[in-house]
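Below, chain A is the first sequence line, B the second, and so on; all start at residue 1.
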Protein chains: 2
Amino acid sequence: MAIKDNRDRLEDAAQDSVQLSGFNSLSFRKLADEVGIKSSSVHYHFPEKSDLAHALIVRYSAAVSETLNDIANQRWGLRRKLQAYIAIFEQTAKSERVCLCGMMAAEIEALNDDSRKQLDLFFKMMEQWLVDLLVANGDALNTDVTPAALSSAILSGLEGALLLDRVSGNQSHLNAQKDLILSLV
Amino acid sequence: MAIKDNRDRLEDAAQDSVQLSGFNSLSFRKLADEVGIKSSSVHYHFPEKSDLAHALIVRYSAAVSETLNDIANQRWGLRRKLQAYIAIFEQTAKSERVCLCGMMAAEIEALNDDSRKQLDLFFKMMEQWLVDLLVANGDALNTDVTPAALSSAILSGLEGALLLDRVSGNQSHLNAQKDLILSLV
DNA sequence: GTCTATATACAGATAGAC
DNA sequence: GTCTATCTGTATATAGAC
C-alpha cells in the first residue's frame, strides 16, 4: 500500500467516525484534529460536507465491490459464497461498527441528491450480486421466494442485524440472520 | 383522546422528527417553533436532551407494546398475527419514516446508559412477543431455525427493511421480508 | 409554564498569507 | 496544501422576571 496522503487519512478517519456515530455528528474540526491539520485544510480537500459524504459512499462502495468480486471469482459453492458474503458483515460487527451505507441510510435526510443516488447504487449492487449468485444456483434453493426478493430480504436483514447488535451488545441478530439464510440453501 | 398539553405536543413533534431525520438533528429550537413556544420552555419539560430521548423511547415502547397486546388477544392464527406484526412496520413505511428505536439504534453513541437500556428493552420486547407466538404455534413452522433465532432475524430484517426502503423510495425490502417471513409459516 | 436575555460552545464555511 | 483569523449561524443550557 502506498503512503497515505492527508486526503486518504481524512477519509479513513471520516469513515470510522460515520460507522461509529453517524455522519451528522462528524465535524470538520474533529476530523482535522485526528489527522493533525486544521479544519480549513479539510475544506481544501472537501469544500463542503456534502462532498465528503459523496466521496465516502463512493469509496466504500468500491471497496466492498472489490471484495464481492473476489468472492465471486472463487471456485466455491453457493453455501460457501453466501458465508463469505455474511462474513463481510461479521467483520464490521466485530469492531462494533455498522455498515457505512446503513448508517447513511438512517441519515438520508442530511444527504443531497447525488449522495442519495450513490447510496441507492450501493444497495442495488449488493443485491444484484446476491441475485446473480442465487440464480446461478437456483436448483440448490430450499425456498419458493424469488431470488430478487430473497436477495432484498437478506441484505436488509444483515443491515438491520448490524444495527440491533450494537444495542444488545452481542452478535445475536447477525447470528440469527446467518442461521436463517443458511437454512434456505 | 384528551386535549394534549404542550408536553404531549413536544413529544409528538420530537418523535416525528426522530423518525424522519434522527435524534442528532433534532433541536430544542425547532421543536419549540413547531409547538409555538420558546426553547427555554422546552427545557422546563425536558431539562436535558437526554431526558427527551429517554421519554421518547419509553413512550414509543408503550405504544407499540399496546398494539402487540391487541394482536395477541385476537382469535387469529399464526399467519394472520404475523401479518399484523408486519403491518406495524408497513404503517411506518407508508409515511416514509423508520422505527423510532431503529433510528435511535443507529445513533446509540449519542444516548446515555439509561436510554440504551430502554432501547435494549424495546427490541427484547419485540422479539419476545414473536418468540411466544412462534412457540405457541411451533407445529405450523416450516423451518428448522429455532423460534428465538427466527424472531431475532424477523425483527432485525424488518428494521433494516424500513431503513433501506427510504433509500430505494419504494417498499421493496419490506415486501421481500414479508414474502420470506410468510414463506416460513 | 412560559417568557426574555444570555452564556458558552461548536458547527460549516471563507479570505488571504505563506 | 496548510495556516491564521474570522464570519455567521446554531446548538444546549441557565437565570430570573412574570
* Asked: Whole Å only: how far is the CG atom of L31(B) from the P atom of dT2(C)?
  -> 13 Å
* Structure fact -> In whole angstroms, the gap separating P of dG12(C) from NZ of K38(A) amounts to 16 Å
* To do: Evaluate side-chain hydrogen bond (donor to acceptor under 3.5 Å, both in side chains) for N24(B) paired with E107(B), printing each intermediate quantity in order.
  => CA-CA 7 Å; N24(B) 280 323; E107(B) 303 176 289; 3.2 Å; yes
* Asked: Does Y44(A) have a side-chain nitrogen or oxygen under 4.0 Å from the phosphate oxygens OP1 or OP2 of dG1(D)?
  -> yes
* To do: Look at all strands and tell whether L26(B) reaches a base, only sugar-phosphate, or nothing, counting heavy atoms closer than 4.0 Å.
  => sugar-phosphate
* Answer with yes or no whether S40(A) presents, from its side chain, a donor or acceptor under 3.5 Å of a partner atom in the base of dT4(D). => yes
* Structure fact -> From NZ of K30(A) across to C1' of dC10(C) the rounded distance in Å is 10 Å
* Check every atom of dA13(C), dT4(C), dA13(D) against the side chain of H43(A) and return the nucleotide holding the closest atom. => dA13(C)
* To do: Mind telling me whether Y85(B) and W129(B) have parallel, tilted or perpendicular rings, with 30° and 60° as the class edges?
  => parallel
* Atom-to-atom span, CG of N24(B) to C1' of dA11(C) - whole angstrom -> 13 Å
* Asked: Can a salt bridge be assigned to the pair E11(B) and R7(B) using a cut-off of 4.0 Å between side-chain N and carboxylate O?
  -> yes
* Verify side-chain hydrogen bond (donor to acceptor under 3.5 Å, both in side chains) between H54(A) and E48(A), making sure each step is shown before the conclusion. => CA-CA 10 Å; H54(A) 192 264; E48(A) 301 186 12; over 6 Å; no
* Short side-chain N/O contact to dT2(C) OP1/OP2 from H45(B), under 4.0 Å -> yes
* How do R29(B) and N6(B) order along DNA chain C: which one's closest nucleotide is nearer the 5' end? -> N6(B)
* S27(A) side-chain N/O to dA11(C) phosphate OP1/OP2 under 4.0 Å -> yes
* Asked: Within this structure, what is the CG-to-C1' distance between L10(A) and dG1(D), rounded to whole angstrom?
  -> 12 Å
* Asked: F46(B) CZ to dT14(D) C1': how many Å, rounded?
  -> 18 Å
* Give the C-alpha distance, both sets of side-chain angles, the deciding distance and a yes or no for side-chain hydrogen bond (donor to acceptor under 3.5 Å, both in side chains) between D70(A) and Q74(A). => CA-CA 7 Å; D70(A) 289 345; Q74(A) 299 290 332; over 6 Å; no
* Asked: What is the distance from CG of D33(A) to P of dG12(C), rounded to the nearest Å?
  -> 12 Å
* To do: Using atom CZ of R9(A) as one end and atom P of dT2(D) as the other, report the distance to the nearest whole Å.
  => 9 Å
* Asked: Can you find a side chain N or O atom of K49(B) that sits less than 4.0 Å from OP1 or OP2 on dT12(D)?
  -> yes
* With a 4.0 Å cut-off on heavy atoms, is F28(A) in touch with a base, just the backbone sugar-phosphate, or nothing at all? -> sugar-phosphate
